[in-house]
There are 2 protein chains.
Amino acid sequence: MEDTPKTMPRLDESLLSHVPPFSKLDKRQIREILDVASVRRLGEGVAVFEEGAPAERFFMLLDGYIRVMRITPAGEQVIALHIPSGQLFGIAKAIGRDTYPATSVTASEAIILSWPMRVWDEFAVRYDGFASETYKTVGQRIGEMNNRIVEMATQQVEQRVANALLRLINQTGRKVEGGIEIDFPITRQDLSEMTATTLHTVSRLLSAWEKQGLVSSKRKRITVTDPHRLVLLCRGVAAN
Amino acid sequence: MEDTPKTMPRLDESLLSHVPPFSKLDKRQIREILDVASVRRLGEGVAVFEEGAPAERFFMLLDGYIRVMRITPAGEQVIALHIPSGQLFGIAKAIGRDTYPATSVTASEAIILSWPMRVWDEFAVRYDGFASETYKTVGQRIGEMNNRIVEMATQQVEQRVANALLRLINQTGRKVEGGIEIDFPITRQDLSEMTATTLHTVSRLLSAWEKQGLVSSKRKRITVTDPHRLVLLCRGVAAN
DNA sequence: TCAGAAGTTTGCGCCATCGCAAATTCCGGT
DNA sequence: ACCGGAATTTGCGATGGCGCAAACTTCTGA
């Protein structure tokens, strides 16, 4: 990702033609949609919107990764999920809210389209499939959150971290020689904020797994070399 | 609740006139809606629908409480939330799903209206405010789940249980002499499944709090006698 | 009225995980 | 090439909360 510096894309119809909420539309309609969109290219670690702010725009991630998180009164961060490219986000309107329920930050360099929230209803009535597809997205996110809750309630740290890694390589994995790499820079700290543990514990786990040949990692980079055995860990099967 | 045996209500317009998704409608419209509804009176602990089942109907809780939960492969239960009367539930359609994402069970005696899911779209186009209000409900649930995740990630057991109690008395509390009682039967086990801990730990906490005059409890009944001091506990302030 | 089931309380030992601290490695900037 | 900050690793001690077990209480139904 951040290895390949992004150039500003031309706002071409092909950009959106494979994105679910827009995929049923014809060229003219996509043109209309792009005409009211803004594009931004952001570096890593840049906030797109903050929890509680009035939801004035909604977004679509063209390239890169977005991290959605919340911050506690005590200042601890909890990472809720990562959004891969091709998804809408900040769609407060779809859940009847007028403020953003969480903060979102770029997890890598990213290219983002956005529209003023007021065109939402217009899109919903004018473009067939737009509303229903975005509700599906909401449904998926709810499902993920649900799983997250069950996971945190019933599994222990090792399994949670293994799960998080697998989810990351599923959603954002890139094949490299020797395994599948998480496609954006991620620290032990980040991983700990995704799994409700500490960076120390994550570090210990990764070290142990590296010794056993399950993963290999550098600074801010993690490659899963043996996804299959990692799956076993998730089920609570001890890795010998 | 279960102390006052419920009688089957007449399907009267006034039943729905104060329920958000229907509150903007006139009598004739509510009449139409009731005409296609079924009513059921259920005892405590009865399943309304099961996770994964095709979402053939959606529901509205007229009286009582519903517990929404998931069951892990290992058979552990995790209680996601409680629904108070006056809310729609099982609204898979609103999140673009065709199966229920969780199991729901009556937490008390309950009276439930339901409609076949196929009338959903009809309601959405025909009745002003129906769709937008249900999306708000979805938004609220997402907010609650989010909070739950943050809570489990950052707080320890004592705070989580205190939080759960406060949430319960806010949503379902009933004033009694000496405090606010949770309005449906709830066991230590239930509370532990809401807070990702064990019934033993919950029992110990309640005992300790009872000694300090924060709560009083009998079998399946919990009364919060000093909500204010319980709030302090949530913030991590040690009791006395 | 009694027996069994269901729910609750409490003690005790253990261990997964945290918290703190210190050392080490890596990387970007000048 | 070097310096300083960021990220990572690892050790060690403390402990919150679990798991198991046993006793007790409260309900329900026959």
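All chains are named by letter (A, B, ...) in the order of the sequence lines, taking the proteins before the strands, and each is independently numbered beginning at 1. Every value quoted in this text rests on a predicted model; they were computed, and no experiment measured them.
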Student: Give me the ring orientation class for B:Trp115 and B:Phe58: parallel if the planes are under 30° apart, tilted from 30 to 60°, perpendicular past 60°.
Tutor: parallel

Student: Could you state the atom-to-atom distance from CG of B:Leu205 to C1' of D:dG17 in whole Å?
Tutor: 10 Å

Student: A:Arg204 has a side chain; which of D:dC12, C:dT9, C:dC26 sits nearest to it?
Tutor: D:dC12

Student: For A:Ile186 and D:dA7, give me the distance from atom CD1 to atom P, rounded to whole Å.
Tutor: 13 Å

Student: Does B:Thr197 have a side-chain nitrogen or oxygen under 4.0 Å from the phosphate oxygens OP1 or OP2 of D:dG17?
Tutor: no

Student: State whether A:Thr198 places a side-chain N or O below 4.0 Å from either non-bridging phosphate oxygen (OP1 or OP2) of C:dC18.
Tutor: yes

Student: Give the rounded distance in Å between these two atoms: CD of A:Glu44 and P of C:dC27.
Tutor: 14 Å

Student: Determine the contact category for A:Ser207: base if any of its heavy atoms lies under 4.0 Å from a base atom, sugar-phosphate if only primed atoms, P, OP1 or OP2 are that close, otherwise nothing.
Tutor: sugar-phosphate

Student: Which nucleotide in the set C:dC27, C:dT8, C:dT17 lies at the smallest distance from any side-chain heavy atom of A:Arg219?
Tutor: C:dC27

Student: Can you tell me how the ring of B:Tyr100 sits relative to the ring of B:Phe59, calling it parallel under 30°, perpendicular over 60° and tilted otherwise?
Tutor: tilted

Student: Taking all heavy atoms of B:Leu61 and all of B:Ala110, pick out the closest pair and write down the distance.
Tutor: CD1-CB, 3.9 Å

Student: Could A:Arg160 and A:Glu151 be called an ion pair, given the rule that one side-chain N must be under 4.0 Å from one carboxylate O?
Tutor: no

Student: Does the side chain of A:Asn147 come under 3.5 Å of the side chain of A:Arg167 through a donor N or O and an acceptor N or O?
Tutor: no

Student: With hydrogens left out and only the distance checked, is there a donor-acceptor pair under 3.5 Å joining A:His200's side chain and the base of D:dT10?
Tutor: yes

Student: Base, sugar-phosphate, or nothing: which does B:Thr187 touch, judged by heavy atoms less than 4.0 Å apart?
Tutor: sugar-phosphate

Student: To the nearest Å, how far apart are A:Leu233 CG and C:dA16 P?
Tutor: 15 Å

Student: Which part of the nucleic acid, if any, lies within reach of A:Arg188 when heavy atoms closer than 4.0 Å are counted: base, sugar-phosphate only, or nothing?
Tutor: sugar-phosphate

Student: Write down the distance between CZ (B:Arg221) and P (D:dC27), rounded to a whole number of angstrom.
Tutor: 11 Å

Student: Mind calculating the distance between CD (B:Glu76) and C1' (D:dC18) to the nearest angstrom?
Tutor: 13 Å

Student: Determine, stepwise, if the pair B:Ile111 / B:Arg40 fulfils side chain to side chain contact (heavy atoms under 4.5 Å, CB included).
Tutor: CA-CA 6 Å; B:Ile111 299 174; B:Arg40 278 204 295 166; over 6 Å; no

Student: Please name the pair of heavy atoms, one in A:Ala92 and one in A:Met117, separated by the smallest distance, quoted to 0.1 Å.
Tutor: N-CE, 4.0 Å

Student: Compare side-chain N and O positions of A:Thr201 against OP1 and OP2 of C:dT17 and report whether any pair is under 4.0 Å apart.
Tutor: no

Student: Choosing from C:dT10, C:dA16, D:dT9, which nucleotide comes nearest the side chain of A:Gln156?
Tutor: C:dA16

Student: For the helix from C:dT1-D:dA30 to C:dT30-D:dA1, how many degrees between its two end axes (five pairs per end), to the nearest 10°?
Tutor: 50°

Student: Nearest-Å distance, CD (B:Gln159) to C1' (D:dG16)?
Tutor: 12 Å

Student: Please report the C-alpha distance between A:Asn146 and B:Met145 in whole Å, then the side-chain angles of each, then the deciding distance to 0.1 Å, and finally whether the side chain to side chain contact (heavy atoms under 4.5 Å, CB included) criterion is met.
Tutor: CA-CA 8 Å; A:Asn146 243 318; B:Met145 289 172 66; 3.9 Å; yes

Student: Relative to the 5' end of DNA chain C, which residue comes earlier, A:Arg160 or A:Lys218, by the nucleotide with the nearest heavy atom?
Tutor: A:Arg160

Student: Take atom CD1 of A:Ile222 and atom P of D:dA7, then tell me their distance rounded to the nearest Å.
Tutor: 13 Å

Student: Taking for each residue the nucleotide of DNA chain C bearing the nearest heavy atom, is the 5' side occupied by A:Ala196 or by B:Glu210?
Tutor: B:Glu210

